[in-house]
Amino acid sequence: MDKKALYALSYGVYTVTSWDNGRPTGCTANSAMQITSSPATIAVSINKGNYTNSVIDESGHFAICILAEDSDPIVIGRFGFMSGRDTDKFDGVPYTVRGAMPVPDAACAYICCKVVDKMQTSTHTVFLGEVTDAGVTRQGTPMTYAYYHNVIKGKTAKNAPTYIGD
Ligand SMILES: Cc1cc2nc3c(=O)[nH]c(=O)nc-3n(C[C@H](O)[C@H](O)[C@H](O)COP(=O)(O)O)c2cc1C
């Protein structure tokens, strides 16, 4: 099996946020997709070891914050390679509460969701969320995962579903 074929799938780059008992937190994710249009539903796959997984599970809400090509890569790194378990990830990261969810100002659009179902795999939980609010917050070209790799030269984190080991 040539796992490089999996690289041919296309994604965006997102900050998936939630509330941890009143404290904003979240993680970087590429694995979000729209599942249905009416009602609008979104699925996102979050590693069971990620602190964000338990936060979404407990709060029942998440927001997909869509990053743009000009978004500060520091936001991707901070949310993608550190854990909200021992870091206040939003400390020093400007954000605005939109649709009752924390949205980094680096994002160009956001989609707020209420968890309506979830599926467990051996490593990840796929959260299915019904869209409760959405908005475009500024101009910007949404960042693709390919742009993240080819232009920003970003790395894939071990807990990302797309991670391919040696
Ligand atoms: C570009 C990129 C994409 C990622 N995609 C996902 C993803 O789709 N799902 C996931 O569970 N983790 C993904 N990760 C890894 C998490 O962001 C990372 O494990 C993070 O440190 C978890 O933080 P937390 O413990 O605060 O939840 C990705 C990381 C990067 C850098």
Exercise: identify the closest heavy-atom pair between [X] and [Y]:
| X | Y | result |
| --- | --- | --- |
| V44 | A29 | CG2-CB, 4.4 Å |
| I64 | A32 | CD1-CB, 3.9 Å |
| S18 | P102 | O-CG, 3.8 Å |
| T132 | K114 | CG2-CB, 3.8 Å |

I'd like to check [X] versus [Y] (side-chain heavy atoms, cut-off strictly below 4.5 Å). Are they in contact?
| X | Y | answer |
| --- | --- | --- |
| T137 | D105 | no |
| K118 | D57 | yes |
| V55 | F62 | no |
| L6 | T162 | no |
| F127 | N53 | yes |
| L67 | T15 | yes |
| V16 | I56 | yes |

If hydrophobic clusters are built by linking Ile, Leu, Val, Met, Phe, Trp and Tyr wherever their side-chain heavy atoms come under 4.5 Å apart, do [X] and [Y] end up in the same one?
| X | Y | result |
| --- | --- | --- |
| I76 | V93 | no |
| M119 | I42 | no |
| V116 | M33 | yes |
| I152 | V13 | yes |
| V115 | V126 | no |

For the side chain of [X] and the backbone of [Y], is there at least one donor-acceptor N/O pair under 3.5 Å apart?
| X | Y | result |
| --- | --- | --- |
| S59 | H61 | yes |
| T17 | V103 | no |
| H124 | N159 | yes |
| T121 | T123 | yes |
| K158 | Y163 | no |

Return yes when atom [atom1] of [X] has more than 12 non-hydrogen atoms of other residues, nucleotides or ligands closer than 6.0 Å, and no otherwise.
| X | atom1 | value |
| --- | --- | --- |
| Q120 | CD | yes |
| K48 | NZ | yes |
| I35 | CD1 | yes |
| N21 | CG | no |

Once rounded to the nearest 0.5 Å, what's the spacing between atom [atom1] of [X] and atom [atom2] of [Y]?
| X | Y | atom1 | atom2 | result |
| --- | --- | --- | --- | --- |
| T141 | I66 | OG1 | CD1 | 13.0 Å |
| T144 | Y11 | OG1 | OH | 12.5 Å |
| M143 | C108 | CE | SG | 9.5 Å |
| M101 | C65 | CE | SG | 8.0 Å |
| Y7 | D2 | OH | CG | 10.5 Å |
| I111 | R98 | CD1 | CZ | 14.0 Å |

Audit row: D133, Y110, side chain to side chain donor-acceptor pair (under 3.5 Å) steps and yes/no: CA-CA 8 Å; D133 191 31; Y110 68 95; 3.1 Å; yes
With a 6.0 Å cut-off on ring centres, are F90 and F79 close enough?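 F90 vs F79: aromatic centres under 6.0 Å.
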Could you label the plane-to-plane angle of the Y148 and Y145 rings as parallel, tilted or perpendicular, counting under 30° as parallel and over 60° as perpendicular?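 Ring orientation, 0 to 90° scale: parallel.
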Over 60° means perpendicular and under 30° means parallel, so classify the ring planes of Y95 and W19, tilted if in between.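 Taking Y95 first and then W19, their aromatic rings stand perpendicular (interplane angle over 60°).
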Does the side chain of D20 come under 3.5 Å of the side chain of T25 through a donor N or O and an acceptor N or O?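 Note: D20 and T25 side chains miss the donor-acceptor criterion.
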Look at R138 together with D70 and state whether they make a salt bridge at an N to O cut-off of under 4.0 Å.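 Between D70 and R138 there is a salt bridge, with a charged N closer than 4.0 Å to a carboxylate O.
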